[in-house]
K.L.:
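Just passing along the structure, written as structure tokens.
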There are 2 protein chains.
Amino acid sequence: MKPLFHPAIEDVTVEGILYALSDPVRSAIYADIAGSQCSMNCSNFLNISEKPVPKSTLSQHFKALREAGLIRSERRGVEMQNTSRCDEIAARFPGLLPAIRQALNLQTEGHARAVRASRRRLAARKAKNR
Amino acid sequence: MKPLFHPAIEDVTVEGILYALSDPVRSAIYADIAGSQCSMNCSNFLNISEKPVPKSTLSQHFKALREAGLIRSERRGVEMQNTSRCDEIAARFPGLLPAIRQALNLQTEGHARAVRASRRRLAARKAKNR
DNA sequence: TTCAATAGTTCCGAAGATATGAACTATTGA
DNA sequence: TCAATAGTTCATATCTTCGGAACTATTGAA
């Protein structure tokens with residue numbers, strides 16, 4: 001197998017990072033990898049979205065994250081070990097990734113809150129109509 | 001003319017912001033608009049890049065920034081007045097835009113430094129071969 | 001009012017990017 | 001050696017983006 005391409009940290013661009021994280025599937029994958037101490041393999045993410053993501057698509061998403069410089073992928077036996085390169089990126093662009101992560105967290109919290117509120121409204125309406 | 005669409009601030013997404021700013025022309029436009037007190041019209045940006053950007057393309061870029069929630073565009077006489085919505089976004093996603101702006105600044109500084117160093121090397125080589 | 005100038009938008013075809021099923025490669029373990 | 005597992009690559013259908021040409025809105029001058 002061809003060795004996978006990883007850019008040198010000085011070739012990593014802000015635009016590349018923003019683009020890689022501008023896809024909901026990729027930002028979810030990245031959040032998982034960056035948030036967990038241990039490394040992750042691709043198959044962990046087949047059900048990351050509402051509908052399952054095909055593995056060829058998943059492979060392309062990992063490639064995009066890799067080529068943006070966000071993750072490092074190394075073969076470990078039969079599967080891939082994916083780790084975040086956030087320390088390197090923090091040295092080059094301090095504060096960028098934490099700010100994005102925080103914003104993504106706020107957004108999912110806000111979304112969860114909206115879903116809960118909508119469930120409450122629905123339940124109230126049902127109770128009223130009983 | 002149809003009134004231009006601007007999303008409500010609660011419909012603005014992190015992914016949308018990242019995507020809008022992941023294009024070098026758009027991030028340059030946004031940096032200019034956010035960095036200046038006064039409003040900007042589109043024609044200011046025809047020469048924002050190395051090669052001039054056609055106005056139809058520029059119009060699409062403004063649309064992308066608008067629909068991501070980053071700017072507000074209003075007609076002021078014959079031209080458009082573009083202003084940043086960064087205050088609204090700061091209330092929803094605190095710290096996100098400043099972090100991105102800082103990273104983009106670091107990157108252009110780094111690039112300028114690399115260009116200067118390369119010019120110095122070139123000059124040194126010329127002097128040596130004189 | 002009419003016309004020209006200015007500033008942008010919209011339309012549309014070409015070129016480029018993305019998603020995904022199918023086929024392929026690499027590794028492990030039986 | 002073979003099957004199972006994990007992921008990549010390929011081919012192609014689909015979606016996006018770019019940019020020239022045509023169109024729209026506004027202003028100011030004749």
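Values below: all heavy atoms of this structure, side chains included; hydrogens, waters and symmetry mates excluded. Numbered from 1 within each chain, the chains take letters A, B, ... in sequence-line order. A quick note: this is a predicted structure, and the numbers were derived from the prediction, not measured.
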K.L.:
Round to the nearest Å and state the distance from B/Phe62 atom CZ to C/dT9 atom C1'.
P.N.:
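Going from B/Phe62 (CZ) to C/dT9 (C1'), I get 13 Å.
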
K.L.:
At under 4.0 Å, does any side-chain N or O of B/Ser59 touch on OP1 or OP2 of C/dG8?
P.N.:
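False: B/Ser59 side-chain N/O out of range (4.0 Å or more) of C/dG8 OP1/OP2.
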
K.L.:
I need the CG-P distance between B/Leu58 and C/dT9, as an integer number of Å.
P.N.:
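After rounding, the reported distance stands at 9 Å.
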
K.L.:
Determine whether a donor-acceptor pair (one donor, one acceptor, N or O, separation below 3.5 Å) exists between the side chain of A/Ser56 and the base of C/dG21.
P.N.:
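Such a pair is found, so the answer is yes.
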
K.L.:
Using purine N1 to pyrimidine N3 plus N6-O4 or O6-N4 for Watson-Crick, or N1-O2 and O6-N3 for G-U wobble, both under 3.5 Å, which nucleotide pairs with C/dT28?
P.N.:
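Result: D/dA3.
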
K.L.:
Give the nucleotide from the list D/dC18, C/dG8, D/dG20 with an atom nearest to the side chain of B/Asn41.
P.N.:
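The nucleotide sitting nearest to the side chain is C/dG8.
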
K.L.:
Can you tell me the pairing partner of D/dA22 across any strand shown, Watson-Crick or G-U wobble, with both distances under 3.5 angstrom?
P.N.:
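For D/dA22, the partner nucleotide comes out as C/dT9, under the 3.5 Å rule.
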
K.L.:
What is the distance from CD of A/Glu79 to C1' of C/dG29, rounded to the nearest Å?
P.N.:
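Rounding to the nearest Å, CD of A/Glu79 and C1' of C/dG29 are 14 Å apart.
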
K.L.:
Would you say the side-chain atoms of A/Gln107 pair up with the backbone N or O of B/Val14, donor to acceptor, closer than 3.5 Å?
P.N.:
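Flag set: sc A/Gln107 to bb B/Val14 pair under 3.5 Å.
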
K.L.:
Could you work out which one of D/dA25, C/dT9, D/dG7 sits closest to the side chain of B/Arg75?
P.N.:
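So the nucleotide nearest the side chain must be D/dA25.
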
K.L.:
Is there a side-chain polar atom (N or O) of B/Tyr19 under 4.0 Å from OP1 or OP2 of D/dT17?
P.N.:
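Checking D/dT17 against B/Tyr19, a side-chain N or O does come within under 4.0 Å of OP1 or OP2.
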
K.L.:
Could you state the NZ-P distance from B/Lys51 to D/dG20, rounded to the nearest angstrom?
P.N.:
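After rounding, the reported distance stands at 10 Å.
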
K.L.:
Do A/Leu70 and A/Tyr19 share a hydrophobic cluster, counting only Ile, Leu, Val, Met, Phe, Trp and Tyr and linking them when any side-chain heavy atoms are less than 4.5 Å apart?
P.N.:
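Cluster IDs for A/Leu70 and A/Tyr19 differ.
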
K.L.:
Over how many whole Å does the gap from B/Glu74 atom CD to D/dA25 atom P extend?
P.N.:
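Checked: the CD to P distance equals 18 Å.
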
K.L.:
Pick the closest DNA chain C nucleotide for A/Gly77 and for A/Thr57 by heavy atoms, then say which residue is nearer the 5' end.
P.N.:
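Nearer the 5' end of the strand: A/Thr57.
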
K.L.:
Are side-chain N/O atoms of A/His6 and A/Arg72 paired as donor and acceptor at under 3.5 Å?
P.N.:
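Looking only at side-chain atoms, A/Arg72 and A/His6 do not form any donor-acceptor pair under 3.5 Å.
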
K.L.:
Would you check if the side chain of A/Arg101 reaches a backbone N or O of A/Ala31 as a donor-acceptor pair within less than 3.5 Å?
P.N.:
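Side chain of A/Arg101 to backbone of A/Ala31, a donor-acceptor pair under 3.5 Å: no, none is there.
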
K.L.:
Could you state the NE2-P distance from B/His61 to D/dT17, rounded to the nearest angstrom?
P.N.:
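Taking NE2 of B/His61 and P of D/dT17, I get 10 Å after rounding.
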
K.L.:
Output the rounded distance in Å from CD (A/Gln60) to C1' (D/dG7).
P.N.:
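My rounded result for the distance is 11 Å.
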
K.L.:
Tell which nucleotide pairs with C/dA19, taking only Watson-Crick or G-U wobble pairs whose two distances are both under 3.5 angstrom.
P.N.:
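Matched C/dA19 with D/dT12 under the 3.5 Å cut-off.
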
K.L.:
Using the closest heavy atom to pick a nucleotide of DNA chain D for each, name whichever of B/Arg76 or B/Val53 lands nearer the 5' end.
P.N.:
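Mapping each residue to its closest nucleotide by heavy atoms, the 5'-most match is B/Val53.
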
K.L.:
Closest nucleotide of DNA chain C for A/Lys55 versus for A/Val78: which of these residues is on the 5' side?
P.N.:
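That would be A/Lys55.
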
